[in-house]
Protein chains: 2
Amino acid sequence: MWRDETGRSLADYPHPSVAVDVALLTVVDGALQVAVHRRAGHAAGELALPGTFVRIDETLAAAALRALREHIGVTGRSPEQLRVFDDPDRDDRGRVLAIAHVDLVPRDVLDDDVGLVAVDRRPRLTFDHDAMVAAAAEHVRARYRRDPDPAGLLGAAFTLAELQGLHEAVLGAPLPKDTFRRHVLADLEPTGGVRTGTVGKPARLYRRAG
Amino acid sequence: MWRDETGRSLADYPHPSVAVDVALLTVVDGALQVAVHRRAGHAAGELALPGTFVRIDETLAAAALRALREHIGVTGRSPEQLRVFDDPDRDDRGRVLAIAHVDLVPRDVLDDDVGLVAVDRRPRLTFDHDAMVAAAAEHVRARYRRDPDPAGLLGAAFTLAELQGLHEAVLGAPLPKDTFRRHVLADLEPTGGVRTGTVGKPARLYRRAG
DNA sequence: GTAATAGTGTCTCTGAGACACTATCGG
DNA sequence: CCGATAGTGTCTCAGAGACACTATTAC
């Protein structure tokens, strides 16, 4: 263990605590929603994002996954870092830096009883979690403007109508059919199959190329 | 002070130390350069970005400014957050999260004796500072692709040729004169003056429109 | 006048968007 | 056949880039 000239290690100096918070987004009812839980303990009853303190030998990703597991029973995703929230008054328990994360997952990886609120019509969240959700939504929306289903919410094969419906739900706005089609087609490859059992002309199935 | 049910405050739990590092960029000799210093103390002699540990009651911005002041005597800028570097082995003194920052400043706010290395031909830096510089350069380049001199390196008035030269230096690539002109003109307003004392037709002066 | 730099007119190409059209299914 | 959804041809518009041209200064 490293020591400075006075024999103290780094941890002996007072320093901020570090937390991670995760805006776990999903699409339900044609709209982008975020998973929240009701706090127990400090600020009990308020709606909050899943979060936890980062342990000394843990990566941010590991802490984020632990928070998801402990609060809402989700495992196996890989949240992405957004940015650090460092307002000195953001947590009245002490000095806490929070590193906001975001991930977008299919609805069915979440338990049925997980709390979900629509991103665009959400109630007040605790601490600065509102700003985290806003940043998270902007992040995934920017990616969905560029690429077809970058989070892979759709399965191995999907129709263009299904893809477009997903994008409209994420972006919260309708998209023109023909333009959308040409926009994404370069990044897709046809599987050869078609979607049957529906009314109208059967739609071709695609998967993401790459 | 908040206490948990066992009477301990947040700071009583072992938690990672937090540092800030700043990639302070500038343009010299027609190329993007980053300010470095030679470390004293730990890892002495290696080239490093200005950095410091974040004190418990300090914002990240304040810590970043303190690092710049202590290491290279720069004051008054406002570094922007890039992202957190959290490899558990990134600092062999202990567990340290580093929050990389970036700023782009005019050469003349730096002391003459500040160490500068070209971003695109840089020597090895200590720890993970190489990756920080790469991220910082990509960040400012993305902004310079979009907007005319977003960092405000040029003074109150400048010619289009001066602006183009700056952008070429930041991006590290030549730009077509006519296209560049039309690209930035919408975001500029003419001051009415011209640059005199040069050879050729005098150039009109512009300022950034607000 | 010439050299040098500033600034513009215009053509082409590409991609977004709008619109209308054709294609193929179930019933 | 009809209703419904899938998929395409084509026109227009705007912006990027290339190229050649004109404009205005110092000398």
Side-chain angles (χ1 to χ4, degrees), chain A residues 27 30 138 141-150 153-210, chain B residues 27 30 141-150 153-209:
Chain A
V27 172
E138 198 29 65
R141 283 174 171 160
R143 296 188 55 192
Y144 269 76
R145 261 176 235 119
R146 260 193 292 282
D147 297 308
D149 189 21
L153 257 58
L154 298 174
F158 46 84
T159 69
L160 286 171
E162 290 161 359
L163 181 66
Q164 180 173 345
L166 171 62
H167 278 244
E168 290 174 335
V170 169
L171 298 177
L175 295 167
K177 181 179 73 156
D178 43 12
T179 301
F180 178 77
R181 201 174 197 80
R182 281 184 264 254
H183 182 63
V184 298
L185 216 47
D187 297 321
L188 300 178
E189 50 193 27
T191 67
V194 294
R195 177 75 78 214
T196 59
T198 57
V199 61
K201 176 174 172 176
R204 289 202 266 259
L205 292 171
Y206 295 87
R207 60 172 151 258
R208 287 184 296 155
Chain B
V27 172
R141 283 174 171 161
R143 295 189 54 192
Y144 270 77
R145 261 178 234 117
R146 262 192 294 281
D147 297 310
D149 189 22
L153 257 58
L154 299 173
F158 46 84
T159 68
L160 286 171
E162 290 161 359
L163 181 64
Q164 180 173 344
L166 171 62
H167 277 244
E168 289 174 336
V170 169
L171 299 177
L175 296 168
K177 182 179 71 156
D178 44 11
T179 301
F180 178 78
R181 200 175 200 80
R182 281 183 264 253
H183 182 64
V184 298
L185 217 47
D187 296 321
L188 300 178
E189 52 193 25
T191 66
V194 294
R195 176 75 77 214
T196 60
T198 58
V199 61
K201 174 174 173 178
R204 287 202 268 257
L205 292 171
Y206 295 87
R207 58 173 153 256
R208 288 182 297 155

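Keep in mind that what you see is a predicted model, and the values were worked out from it rather than measured. Here is the naming used below: chain letters follow the sequence lines, and residue numbers restart at 1 for every chain.
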*Asks:* Does B:Arg204 put a side-chain nitrogen or oxygen below 4.0 Å from OP1 or OP2 of C:dA6?
*Replies:* no
*Asks:* If the cut-off is 4.0 Å, is B:His183 near the phosphate of D:dG15, judged by side-chain N/O to OP1 or OP2?
*Replies:* no
*Asks:* Among residues 153-164 of chain A, which contact DNA chain D at a heavy-atom distance under 4.0 Å?
*Replies:* A:Ala161
*Asks:* Nearest whole Å is fine: how far is D:dA6 P from A:Arg181 CZ?
*Replies:* 8 Å
*Asks:* Could you list all the side chain to side chain donor-acceptor pair (under 3.5 Å) pairs where at least one residue sits in residues 185-194 of chain A, not counting sequence neighbours?
*Replies:* A:Glu189-A:Arg207
*Asks:* Using atom names, set out every protein N or O paired with an N or O of nucleotides 18-20 of chain D below 3.5 Å, distance rounded to 0.1 Å.
*Replies:*
residue	atom	partner	partner atom	Å
D:dA18	N7	B:Asp178	OD2	3.3
D:dA18	N6	B:Arg182	NH2	3.1
D:dC19	N4	B:Asp178	OD2	2.0

*Asks:* Heavy-atom contacts under 4.0 Å between residues 165-173 of chain A and DNA chain D, which residues?
*Replies:* none
*Asks:* Could you give all pairs that pass the ring pair (Phe, Tyr, Trp, His ring centres under 6.0 Å) test and reach residues 191-210 of chain A, with sequence neighbours left out?
*Replies:* none
*Asks:* Search all heavy atoms of B:Lys177 against all heavy atoms of B:Gln164 and return the closest pair with its distance.
*Replies:* CA-OE1, 3.7 Å
*Asks:* Can you give me the bend angle of the helix from C:dG1-D:dC27 to C:dG27-D:dC1? Use the axis through the first five pairs and the one through the last five, nearest 10 degrees.
*Replies:* 10°
*Asks:* Compare every heavy atom of A:Arg208 with every heavy atom of A:Asp149, then report the nearest pair and how far apart it is.
*Replies:* O-NH1, 3.1 Å
*Asks:* Using a cutoff of under 3.5 Å, can you pull out all pairs of nitrogen or oxygen atoms linking the protein to nucleotides 23-27 of chain D, with atom names and distances?
*Replies:*
none

*Asks:* Would you list the pairs meeting salt bridge (charged side-chain N to carboxylate O under 4.0 Å, His left out) in which at least one residue belongs to residues 154-165 of chain B, sequence neighbours left out?
*Replies:* B:Glu162-B:Arg195
*Asks:* State the CG-CG distance between A:Asp147 and A:Leu188, to the nearest 0.5 angstrom.
*Replies:* 10.5 Å
*Asks:* Just how far, in rounded Å, is P of D:dA16 from CZ of B:Arg146?
*Replies:* 14 Å
*Asks:* How far does OG1 of A:Thr159 sit from CG of A:Leu154, to the nearest 0.5 angstrom?
*Replies:* 8.5 Å
*Asks:* Among all residues two or more places apart in sequence or in another chain, which pass the side chain to side chain donor-acceptor pair (under 3.5 Å) test with B:Arg182?
*Replies:* none
*Asks:* Who passes salt bridge (Lys or Arg N to Asp or Glu O under 4.0 Å) against B:Arg141, sequence neighbours left out?
*Replies:* B:Asp120
*Asks:* How would you list all residue pairs meeting ring pair (Phe, Tyr, Trp, His ring centres under 6.0 Å) that involve residues 170-190 of chain A, not counting sequence neighbours?
*Replies:* A:His167-A:Phe180
*Asks:* A:Phe180 has an atom CZ; how far is it from atom P of D:dG7, in whole Å?
*Replies:* 12 Å
*Asks:* With sequence neighbours left out, write down each residue that passes salt bridge (Lys or Arg N to Asp or Glu O under 4.0 Å) with B:Glu168, or none if nothing qualifies.
*Replies:* none
*Asks:* Specify the separation, in whole Å, of atom CZ of A:Arg195 and atom C1' of C:dG26.
*Replies:* 17 Å
*Asks:* Rounded at 0.5 Å granularity, tell me how far CG in A:Leu153 sits from CG in A:Leu163.
*Replies:* 11.0 Å
